[in-house]
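The next block holds one structure in the form of C-alpha cells; read it before the comments.
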Amino acid sequence: MIKAVMVMNTQGKTRLAKFYEYLPVEKQQELIRGIFAVLCSRAENVSNFIDAESIFGPDSRLVYKHFATLYFVFVFDSSENELAVLDLIQVFVETLDKCFQNVCELDIVFNYSKVHTILDEMIFGGQVVETSSSEIMKAVEEISKLEAASNAITLIPKSASGWRSR
Amino acid sequence: MTMHGMRGLSVFISDVRNCQNKDQERLRIDKELGNVRNRFKNEKGLTPYEKKKYVWKMLYIYMLGYDVDFGHMKAVSLISAPKYPEKQVGYIVTSCLLNENHDFLRLAINTVRNDIIGRNETFQCLALTMVGNIGGREFAESLAPDVQKLLLSSSCRPLVRKKAALCLLRLYRKNPDIVNVDGWADRMAQLLDERDLGVLTSSMSLLVALVSNNHEAYWSCLPKCVKILERLARNQDVPQEYTYYGIPSPWLQVKTMRVLQYFPTIEDPYTRRTLFEVLQRILMGTDVVKNVNKNNASHAVLFEALALVMHLDAEKEMMSQCVALLGKFIAVREPNIRYLGLENMTRMLMVTDVQEIIKRHQAQIITSLKDPDVSIRRRALDLLYGMCDVTNAKDIVEELLQYLSSADFTMREELSLKAAILAEKFAPDLSWYVDVILQLIDKAGDFISDDIWFRVVQFVTNNDDLQTYAAAKVKEYLDKPAVHETMVKVSAYILGEYSHLLARRPGCSPKEIFSLLHEKLPTVSTTTIPILLSAYAKILMHIHPPDQELQSQIWAIFNKYESCIDAEIQQRAVEYLALCQRGAPLMDILAEMPKFPERKSSLIKRAEYSEADTAEQSAIKLRSQQQTSNALVVTDQHPANGATSPISVGELSLVKVPSMITSENDTSTDLSQQNGALSNVDTQPPSADLLSDILGPLAIEGPPGATVQSEHNAISGLEGGSDAVDGSAIVPVEEQTNTVQPIGNVAERFHALCLKDSGVLYEDPYIQIGIKAEWRGHHGRLVLFLGNKNTAPVVSVQAIILTPAHLKMELSLVPDTIPPRAQVQCPLEVVNLRPSRDVAVLDFSYKFGTNMVNVKLRLPAVLNKFLQPIQVTAEEFFSQWRSLSGPPLKLQEVVRGVKPMPLPEMANLLNSFRIMICPGLDPNPNNLVASTTFYSESMRAILCLVRIETDPADRTQLRMTLASGDPTLTFELKEFIKEQLISIPTAPREAAPAPAAAQPTPQIPPNDPAAILAGLLS
C-alpha cells in the first residue's frame, strides 16, 4: 500500500502531506525533514528512487519526481510496483495541471483544499482508486459544483463578515 | 484566484508565507489558533462557510507541523451536518487528524453508517473515504457488511463501488478477524467480470489482499485474472481514458500479475500456456523509447512480468531471456531502468542456474558501482555481494576496496562489512584475506567494527604459515606516517605475538618494533593502550638474551601505568610488571596465544542476523546457503554468546567454546586466571561445577589434561615447559578413521531429540540408532535401538556411555554383533543427581567389512528432561518470587544476541522445554513468566520460576530472571534457557563434533568426566 504522499518545495517547505497510516505530527515532520535532506542533495538526471528504509523503516520504498520548484514524493511498501507508483505521480501532476492550467507551486499553496480533493479521488486509504485523470477530473468537478451550489446561498451575504474575521 | 472562494484561508496562507522566520510563523499561527478557538466557543454565530474555512485553516496548520488537538471534536461534529460542504470538511479533516483509536470516532459511527446506507452518493463517497483512511476496529465491526453490499450493488455508480472495494480492503487488512470474507471467492470472480476499469482496478487490489491471506479459496479467480491480463496486454482492449501513454492501464496489469504471484503454481495447462504467451509478449515487446513516461509505464509492466516469470519458475530458456533483458537494462541511459535492472538481478539470484548467466554482466555491474546516482550504487553493491562466489571473489572484493576510497560516507560502513564478509567466505588463500582486511582498516578504519579485526587475529593465530606474513605486513602499515587506531590495535596484537618471527629482518629487531609501536601510544585511546602493554610484555619475553636497556624502558612504562586511572590498563601494568620481574618460568604465561577453536564467523552471523527480518530475498541469506571457500574453515554449532561480552560465565563453561573473538580480552582473562591460580596453589582439578567454568578456556584450547598440567608447571615453577600452553597443543583433529559419512545432521538430530522423546539419534549407510525415552521425575529410561540396515552382519559393536558427574547411567549389555537386517534394543537407565547442563555421550563403534566406524554421540538426557511443567497461581508465584530475593537463588542477566523471534514463538519454545508459560501473571505483554519443577535425586522436586522481559524495539536482547531454591539449579537453568534463546540453527559440517572426539585421550585423568566431555564436544 501507499504509506504517504508528500509534496514539498525545493526549500523544504511542505505543501501537502497525507499519511495513510496514522503518525503523530512530530513524527510526520521528522520524516518529511529526513526525506528532504536526501532529496535536496540529489542531482538531476538520476533515478527517481531513494533508499527509504533508513527513514521509514523496513519494507518501505520511495519514489519522487521533481517538477520545477516542487518534489512529489510517494512512500509505499513492497506490495506496489515502483514504476507504477511513479506513473501515478505523473497522473497526479497531470490532473493538477488540467485543473489549474499550467499548475505552479502557488496554485497548490492557495488551493490546498482542492489538491486534497484531487488526491482523495486518486488514492483511497493507501490504494490507487482511479488512474484515469479524466475520471478524476469528472469527480472533482462534481464536487466543485456541489460546493459552489451551497456557497452561492451563503457566501454572498456573509462574505463581508468573512473577510473581517480572518 | 481561489476556486473555493475562501478568501480568509488565502490571506492566512499568504501571511504565513510572508513570515521571515520560524518564530514569526509560530506567532502568526498561535494568533490564528486563538482566533479559531474563540470563534468556535460561540458556535451558533458561525455560518457553515466560516466553519469550513476555519477547519481548512486548522488542516493547513497541522500540515505545517503544529498540533491542533482542540479541533478534533469540531471536525467530528461537522460530519453530522446536513449540508454537503460542512459534511465534506468534517470527513476530510477527521480522516487527516484522527487515528483509529480516537474516542471521538465512536460518536460519529451512527452518522457514518447512515451516510453509507443512505441514498446520497456524494455522502456515501465521503463516508467511505473517511472509513477507508482510518480503518478502525469499531468501524469494521459495524460497517463492513454495509460496505460489502455497496460494492456488489448493481444500482450503485462505479464511483461509489470502487471506493467501497478499497474501503473493504482497508477494513480487512486492519481487522482480518472481524471482516468476514467467507464465500467471497464467487463474488470476487463475479467482480472480475466488471467492465468499468476503475472498479476492476480496485477489486484487483482487494483480491491481492484476500489471495495473499489464503490463495486456496480463490483458485476460481485465477483463469479470470489471466483473461484480464490477456485482454489488456494482448488485445489492448481498453477504453481510451485508461490508456496511459499508449499502455493499456499499466496499474491494472501490474496488480493482476501481483495476484498471480500469490498462487504457488498454475496447473491448468491451457491457462498456463495463455499466461506464458502473454508474458512472452510483454518481455519481447517492450523497448526503451524516448518518452520517459511511456518508458516508465511499459517497464512497470515488464518488471512485474519478470517477477511473475521468476515466480512461476519458467523454463530455463525464458529465464535466460529474462537475464538477458536485465543485462540490457543495467546498461541503458534511463536511470530508473538501470536501478530496477540491478534490483531485479539481485532477486534473480534466488533462481537456481542463472548465477552463471548473471556473472557475464559482472563488468557492467562493477561500472554501476561508479554510477552518479547513489541509489544505483547501492543496488550494484547489493548485487555484487549477492553474486560473489569463490570464482569471482578476488575481482569483486578488489573492486570494492578500490571503490571504498571514493564511496560516500553513508555507504562506507556497509561496504567495508560486505567486503570483509566476502573476503572471509571466499578467500582463495589466507594471505590474500589478511591483505584485504588490512587494506580495509587502512582505507576505512573508522568504519571497521571490532568483529572484523578480531577475526583476522583469529585466523593469523590459527595458521602458523600466516604469522610471519601478517607480522611483516602490519609492520609495513605501521611505517606509514598516518595510522588508524584500529590498525594500531591489530598491529600491536600481531607484532606482540609474532614479531619475533621477523627478528632477523632489517628494521625488525625487538627494539625497533617496540619503538615503532610505542610512538603510537600517545595518539591512541584508553582501549588501545592495554593491547600495546601486552605487546610490550610479549616483545620483552621473546628477547634472548635479555636486553637490559629495553627491559628498563618497558618496565618504566609499566611503572608509569601502575597508577593509571583506567582499571584495565592499571591491572595489566601491575600484572605484567610482576610477571616480568619474577623471571623466566613465569614468562611462559606470556607465550603465544593458543589457537582458537574453529567457529562460525561472528561477521557472517551478524550479517545473517541483521537480515533475519527484512526482505525475504536478501542476498545475504543466499550467501549463507552457498558453499564457502575451503581456505577458511568455519564450523561450530555452538552459538557465540553475543560476541561482544567476552567474559560472561556461560561462555567459559566447559562444554562450550569460549569467546575468542575478543582476543584482546582473552589475554587478560587468560592472565587473570593464571593469577588466580597463583594465589590458590591447591587448585582443584576441573570438575563439572561452577569453578571449572572459570578454568574453562584453557581446558578447551588444549587437550584438557595437558592444560591442567601446564598450569601446575607454571605454579610450581618447575621448568619452562612452554609447549604445553602454546598452539601445538591443539593437534589437527581432522584425521579420523571414519570414512563413513553419517546420513542427516547429527547435531540437528540431537537437538530434535532434546525436545521429543523418540526419534533417530544417528544414521549412516550401515546402521541406524534410534532412541525412545520415558522420563519420570528424576528417573529416565532410554532404549537404544541399534539397527543393522544391511544384509551382512555388523561386528565388534561397542557402546560406552561417558557419564557426566551429575547423572548415574547404566547401559545394559550391548551384543558384539548385530545380525543382518536386525535390530537390538539396549535399555539405558538414567538417574539425575544434580542440576547440570553437561551432556552424556555415547561412544559407539562397530566394524562393517573393513570399515572401522567410531562416533561420539550426545545423548538427549539433558536438563529439560528432568523438568515437569507446573501451573502456579499468581499468589503462589509472587510469594515464591519475593521470598527468593537475590543471588545466588535468584539471578538476573541481560542476554544479548538473542535469535529474534516473536513472543508467542518464544513461549512455545519454553513450553517445549517443559517450562510452562503462566499467561497473565505479568501485566506487561512483552514479558513472559513461566514455572517448572526440577527433579533430582539429591533435592527431589524444586520449583523454578522464570521471568523474561523482552524489548519490542530490539528483539535481539532480553532480560532474564531465574529463581529457585537451589543456587546451582538457578544458574544451570538460566544458562540452559539462554543457550536455547541464542541458539542459531546452523547447518554445520558433519565433521565438526565427531572428529574432535578422535583426539587421543590417554593423558586425560580418567576421573574427570567433565574434561573428557570438553574434549569431546569442543
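Here is the naming used below: chain letters follow the sequence lines, and residue numbers restart at 1 for every chain. Bear in mind the structure is a predicted one, so any value in this text is a computation, not a measurement.
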Taking side-chain contact (heavy atoms from CB on, under 4.5 Å) as the criterion, tell me which of B:V254, B:V301, B:N295, B:N296 meets it with A:L83.
B:N296

Check: B:R17 and A:K13 side chains under 4.5 Å, non-hydrogen atoms
no

Under 4.5 Å heavy-atom distance to chain B, tell me which part of A:L23 shows up: side chain, backbone, both or neither.
backbone

Which heavy atom in B:N293 sits nearest to a heavy atom in A:K65, and how many Å separate them?
OD1-NZ, 2.9 Å

Stepwise salt bridge (Lys or Arg N to Asp or Glu O under 4.0 Å) check, B:K255 with A:E80
CA-CA 8 Å; B:K255 277 274 180 252; A:E80 303 288 332; 3.4 Å; yes

Counting heavy-atom pairs closer than 4.5 Å to chain B, which one of A:L88, A:V91, A:D59 comes out on top?
A:L88

Atom pair CG/SG of A:D120 and B:C125 - distance to nearest 0.5 Å
11.0 Å

Answer yes or no: is there a donor N or O on one side and an acceptor on the other, between the side chain of B:W251 and the main chain of A:V128, under 3.5 Å?
no

Derivation and outcome, side chain to side chain donor-acceptor pair (under 3.5 Å), residues A:Q29 and B:Y66:
CA-CA 9 Å; A:Q29 294 297 312; B:Y66 298 88; over 6 Å; no

Could you list which of residues 33-51 of chain A have a heavy atom closer than 4.5 Å to any heavy atom of chain B, in residue-number order?
A:R42, A:N45, A:V46, A:S47, A:N48, A:F49, A:I50, A:D51

Winner by heavy-atom pair count (cut-off under 4.5 Å) against chain A, out of B:R173, B:R258, B:E304:
B:R258

Tell me, for B:R333 versus chain A, whether the close heavy atoms (under 4.5 Å) come from the side chain, the backbone, both or neither.
neither

Any idea which heavy atoms bring B:I13 and A:F110 closest together, and the distance?
CG2-CE2, 3.8 Å

Residues A:E142, B:R157: salt bridge by 4.0 Å N-O rule:
yes

Minimum heavy-atom distance A:K18-B:C96, with the two atoms named
NZ-SG, 3.8 Å

Using a 4.5 angstrom heavy-atom cutoff, name the option from B:M63, B:M130, B:K162, B:R170 with the most pairs to chain A.
B:M63

Given a strict heavy-atom distance threshold of 4.5 Å, which part of B:S249 is in contact with chain A: side chain, backbone, both, or neither?
side chain

For the student: nearest non-hydrogen atoms of A:D87 and B:Y244, plus distance:
O-OH, 3.4 Å

Determine whether B:N133 and A:F19 make a side-chain contact, defined as any pair of heavy atoms from C-beta on separated by less than 4.5 Å.
no

For A:E130 against B:G198, the heavy-atom pair lying closest together:
OE1-CA, 3.9 Å

Chain B contact via A:T14 - which portion, at a heavy-atom distance below 4.5 Å:
both

If only atom types and distance count, is the side chain of A:S132 paired as donor or acceptor with the main-chain N or O of B:E241 below 3.5 Å?
yes

Which heavy atom of B:L128 sits nearest a heavy atom of A:F124, and at what distance?
O-CZ, 3.0 Å

For chain A, find which of B:E343, B:K174, B:M257, B:Q261 contributes the most heavy-atom pairs closer than 4.5 angstrom.
B:E343

Rounded to the nearest 0.5 Å, what's the gap from CG on B:N336 to CG on A:L86? Could you check?
5.5 Å

Region of B:T129 in contact with chain A, defined by heavy-atom distances below 4.5 Å:
both

So OH of B:Y339 and CD of A:E82: to nearest 0.5 Å the spacing works out to 6.0 Å

Run the numbers on B:Y62 and A:Q28 for side chain to side chain donor-acceptor pair (under 3.5 Å), then give the verdict.
CA-CA 10 Å; B:Y62 179 69; A:Q28 293 183 5; 3.2 Å; yes

Charged N to carboxylate O below 4.0 Å: is that the case for A:E121 and B:K163?
yes

Interface moiety of B:S95 toward chain A, non-hydrogen atoms closer than 4.5 Å:
side chain

Once rounded to the nearest 0.5 Å, what's the spacing between atom CG of B:L169 and atom CE of A:M1?
8.5 Å

At a 4.5 Å cut-off on heavy atoms, which part of A:I123 comes close to chain B: side chain, backbone, both, or neither?
neither

Residues that A:K98 engages under side chain to side chain donor-acceptor pair (under 3.5 Å), provided they are two or more places apart
A:S133

Heavy-atom pair count under 4.5 Å with chain A, highest-scoring of B:P250, B:A209, B:A297:
B:A297

Does any heavy atom of chain A fall under 4.5 Å from the side chain of B:C167, the backbone, both, or neither of them?
both

Would a distance-only check, ignoring hydrogens and angles, find a side-chain to backbone donor-acceptor pair under 3.5 Å from A:E135 to B:L159?
no

Measure A:S54 against the heavy atoms of chain B and call it side chain, backbone, both or neither at under 4.5 Å.
neither

A:Y112 OH to B:S10 OG distance, which is reported to the nearest 0.5 Å:
13.5 Å

So which part of B:Q253 gets closer than 4.5 Å to some heavy atom of chain A, the side chain, the backbone, both or neither?
neither

To the nearest 0.5 Å, how far apart are OH in A:Y22 and CG in B:L97?
8.0 Å

